[in-house]
**Student:** 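Sharing a structure with you now.
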Amino acid sequence: MRDNKVIAPHLLDWYDRHARDLPWRVPPGGGRADPYRVWLSEVMLQQTTVAAVKDYFIRFTTLWPTVQDLAAADDADVMAEWAGLGYYARARNLLACARAVSAAGGFPTTRDGLRTLPGIGPYTSAAIAAIVWDLPETVVDGNVERVVARLFAVRTPLPAAKPELTGLAETLTPRQRAGDFAQAMMDLGATICTPRNPACGICPLIDDCDARAQGIAAELPRKAAKAAKPSRIGIAWIARQGEAVLLEERPARGLLGGTLAFPSAGWDGRDLPPPGVADWHEIGEVRHVFTHFNLSLTVMMGDLDGAPDRGRLVPLRQIDRSALPGLMRKVWDMARSRIAA
DNA sequence: AATTCGTGGGG
DNA sequence: TCCCCAAGAAT
């Protein structure tokens with residue numbers, strides 16, 4: 001059996017002095033957090049950096065201050081506000097969750113109850129339970145995996161090491177202030193116990209860290225080798241008619257599911273013809289990187305001869321770049337420069 | 001259980 | 001330029 005580490009008092013003391021000030025966070029000892037704001041921030045923060053989330057969080061909470069407000073919102077408005085943040089299944093699940101919570105009269109007050117809601121998994125359920133309801137749940141995100149792997153010098157590569165790391169993390173969670181402890185672990189991982197060049201010299205847990213003692217902190221956690229990233233090609237069509245351009249809502253599931261987009265094909269498993277008859281001509285190539293492939297998208301432009309067979313024509317001035325996902329922003333930027341010229 | 005889901009920043 | 005990675009969940 002591994003040694004029993006007791007790090008919570010020391011780490012919480014560090015957190016009381018160094019907690020980051022974040023829009024969704026209640027300072028240590030600052031009272032109960034709003035479950036809506038904590039839930040919204042945790043969903044936005046899934047696989048997404050704090051820097052990228054901040055503005056989105058402020059916009060969402062300004063537009064929809066309560067979960068009831070969000071539950072009453074139009075799907076298209078929420079998708080448009082989420083555009084650019086990525087992982088769009090989160091936005092669809094966000095609305096489904098808001099509507100379930102609103103109908104139920106509030107958020108569940110246990111981890112298991114939270115876990116049943118769409119978009120809330122092992123991490124997010126534990127985070128809300130600990131941060132909002134002050135329950136002694138153990139929160140395991142990428143930061144905690146790294147901190148724990150180093151504290152206990154776990155050499156097993158991820159993701160196989162996940163159960164072991166979770167078990168070890170559970171031995172660290174205090175009965176009191178579990179929410180602050182979780183946020184302290186994540187802050188530590190984000191600011192000191194970083195993936196590369198960890199700042200062990202100023203780490204409050206330096207005397208508890210096995211990896212540091214063995215001189216291998218920067219080498220942990222180990223990770224399984226990743227598969228090479230394949231390349232895909234496709235076509236996007238800028239279909240014009242007078243002062244309007246064709247846009248469509250993508251299918252609800254899959255790549256960029258439910259987002260607003262220019263008609264395209266060949267890169268997402270769909271092999272579709274152009275959206276109508278036109279004098280198609282190439283205006284350039286857009287490159288984009290997804291999690292699991294690189295994309296080269298050939299952009300075609302043309303004036304429609306007759307009605308398009310899908311999508312809807314949107315007046316130029318009505319096209320809102322910020323309502324498009326990142327890939328389609330690139331396509332639009334290229335098209336707009338051509339239209340202006 | 002392994003895949004499939006975005007995007008932007010940093011080294 | 002390329003690779004890594006970031007408060008994961010759903011299937």
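Residue numbers start from 1 in every chain, and the chains themselves are labelled A, B, ... in the order their sequence lines are given, proteins ahead of strands.
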**Student:** I need the CG-P distance between A:Leu94 and C:dA9, as an integer number of Å.
**Tutor:**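 Taking atom P of C:dA9 as the reference, CG of A:Leu94 is at 14 Å.
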**Student:** Pairing donors with acceptors under 3.5 angstrom, does anything connect the side chains of A:Arg90 and A:Asn93?
**Tutor:**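 No, because no side-chain N or O of A:Arg90 sits under 3.5 Å from a partner of the opposite role on A:Asn93.
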**Student:** Show every donor-acceptor pair shorter than 3.5 Å between a side-chain atom in residues 98-115 of chain A and any protein atom, with sequence neighbours excluded, or say none if there are none.
**Tutor:**
from: A:Arg99; atom 1: NE; to: A:Ala71; atom 2: O; distance (Å): 3.0
from: A:Arg99; atom 1: NH1; to: A:Asp75; atom 2: OD1; distance (Å): 3.3
from: A:Arg99; atom 1: NH2; to: A:Ala73; atom 2: O; distance (Å): 2.8
from: A:Arg99; atom 1: NH2; to: A:Asp75; atom 2: OD1; distance (Å): 3.1
from: A:Thr110; atom 1: OG1; to: A:Gly113; atom 2: N; distance (Å): 3.0
from: A:Arg111; atom 1: NE; to: A:Ser125; atom 2: OG; distance (Å): 3.3
from: A:Arg111; atom 1: NH2; to: A:Pro122; atom 2: O; distance (Å): 2.7
from: A:Arg115; atom 1: NH1; to: A:Ile120; atom 2: O; distance (Å): 3.4

**Student:** Going by atom types only, do A:Ser264 and A:Trp267 share a side-chain donor-acceptor pair under 3.5 Å?
**Tutor:**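 Yes - a donor-acceptor pair under 3.5 Å links their side chains.
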**Student:** N/O contacts under 3.5 Å, protein versus nucleotides 2-6 of chain B?
**Tutor:**
from: B:dC5; atom 1: OP1; to: A:Leu255; atom 2: N; distance (Å): 3.4
from: B:dG6; atom 1: OP1; to: A:Tyr87; atom 2: N; distance (Å): 3.4
from: B:dG6; atom 1: OP1; to: A:Tyr88; atom 2: N; distance (Å): 3.0
from: B:dG6; atom 1: OP2; to: A:Leu256; atom 2: N; distance (Å): 2.5
from: B:dG6; atom 1: O4'; to: A:Tyr87; atom 2: N; distance (Å): 3.1
from: B:dG6; atom 1: N7; to: A:Tyr87; atom 2: OH; distance (Å): 3.4
from: B:dG6; atom 1: N7; to: A:Thr291; atom 2: OG1; distance (Å): 2.2
from: B:dG6; atom 1: O6; to: A:Tyr87; atom 2: OH; distance (Å): 3.0
from: B:dG6; atom 1: N1; to: A:Gln47; atom 2: O; distance (Å): 2.9
from: B:dG6; atom 1: N2; to: A:Gln47; atom 2: O; distance (Å): 3.1
from: B:dG6; atom 1: N2; to: A:Thr48; atom 2: OG1; distance (Å): 3.0

**Student:** What's the CD1-P distance between A:Ile120 and C:dA9, to the nearest Å?
**Tutor:**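 Taking CD1 of A:Ile120 and P of C:dA9, I get 9 Å after rounding.
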**Student:** Is it true that a side-chain atom of A:Tyr56 and a backbone atom of A:Ala83 form a donor plus acceptor pair closer than 3.5 Å?
**Tutor:**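 Judged by distance alone, yes, a pair lies under 3.5 Å.
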**Student:** Starting at the 5' end of DNA chain C and moving along, which residue's nearest nucleotide shows up first, A:Pro118 or A:Met186?
**Tutor:**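 It is A:Met186 whose nearest nucleotide is closer to the 5' end.
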**Student:** For the backbone of A:Thr66 and the side chain of A:Asp69, can you confirm whether one donor and one acceptor N or O come within less than 3.5 Å of each other?
**Tutor:**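 Checking the backbone N and O of A:Thr66 against the side chain of A:Asp69, a donor-acceptor pair under 3.5 Å is found.
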**Student:** Are A:Val78 and A:Leu256 joined in one hydrophobic group, where the rule is that I, L, V, M, F, W and Y side chains link up if heavy atoms are under 4.5 Å apart?
**Tutor:**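 A:Val78 clusters together with A:Leu256.
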**Student:** Answer with base, sugar-phosphate or nothing: what part of the nucleic acid does A:Arg25 contact at a heavy-atom distance below 4.0 Å?
**Tutor:**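 Base contact.
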**Student:** Nearest whole angstrom, please: distance from the C1' of C:dA7 to the CG of A:Leu188.
**Tutor:**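 That distance rounds to 14 Å.
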**Student:** Can you tell me how far P of B:dT7 sits from CG of A:Leu295, to the nearest Å?
**Tutor:**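 Checked: the CG to P distance equals 11 Å.
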**Student:** What does A:Trp24 touch in the nucleic acid at a heavy-atom separation under 4.0 angstrom: a base, only the sugar-phosphate, or nothing?
**Tutor:**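 If one applies the 4.0 Å heavy-atom cut-off, A:Trp24 turns out to touch a base.
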**Student:** Expressed in angstrom and rounded to an integer, what is the separation of A:Leu45 atom CG from C:dA9 atom P?
**Tutor:**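 For the pair A:Leu45 CG and C:dA9 P, the rounded distance is 12 Å.
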**Student:** Tell me yes or no: between the side chains of A:Tyr87 and A:Thr291, is some donor less than 3.5 Å from an acceptor?
**Tutor:**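 Note: A:Tyr87 and A:Thr291 side chains meet the donor-acceptor criterion.
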**Student:** Anything under 3.5 Å between a protein N or O and an N or O of nucleotides 2-5 of chain C, put it in a table, one pair a line.
**Tutor:**
from: C:dC5; atom 1: OP2; to: A:Lys226; atom 2: NZ; distance (Å): 3.3

**Student:** State whether A:Thr124 places a side-chain N or O below 4.0 Å from either non-bridging phosphate oxygen (OP1 or OP2) of C:dA7.
**Tutor:**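 No.
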**Student:** What's A:Ile128 touching, base or sugar-phosphate or nothing? Going by heavy atoms closer than 4.0 Å.
**Tutor:**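 No contact at all - A:Ile128 keeps every heavy atom at 4.0 Å or more from the nucleic acid.
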**Student:** Could you state the interatomic distance from CG (A:Leu304) to CG (A:Leu246), rounded to the nearest 0.5 Å?
**Tutor:**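 The distance works out to 6.5 Å.
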**Student:** Would you call the rings of A:Trp332 and A:Phe262 parallel, tilted or perpendicular, taking 30° and 60° as the class edges?
**Tutor:**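 Rings of A:Trp332 and A:Phe262: parallel, under 30°.
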**Student:** Nearest nucleotide by nearest heavy atom, which residue falls closer to the 5' end of DNA chain C, A:Asp187 or A:Gly119?
**Tutor:**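 Final value for this comparison: A:Asp187.
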**Student:** Would you mind reading off the distance between A:Gln183 atom CD and C:dA6 atom C1', rounded to a whole angstrom?
**Tutor:**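 Roughly 17 Å, once rounded to whole Å.
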**Student:** Using atom C1' in both nucleotides, what's the gap between C:dA10 and B:dA1 to the nearest angstrom?
**Tutor:**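 Each nucleotide's C1' atom is 13 Å from the other's.
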**Student:** Show, in sequence, the C-alpha distance, side-chain angles and deciding distance for A:Phe290 and A:Phe293, and conclude whether the ring-ring contact (aromatic ring centres under 6.0 Å, His included) test is met.
**Tutor:** CA-CA 5 Å; A:Phe290 287 89; A:Phe293 64 94; 4.8 Å; yes
**Student:** Could you give the distance separating B:dT3 and C:dA7 at their P atoms, to the nearest angstrom?
**Tutor:**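 So the two P atoms sit 23 Å from each other.
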**Student:** Rounded to whole Å, please give me the gap between CG in A:Leu117 and P in C:dA10.
**Tutor:**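 Result: 10 Å.
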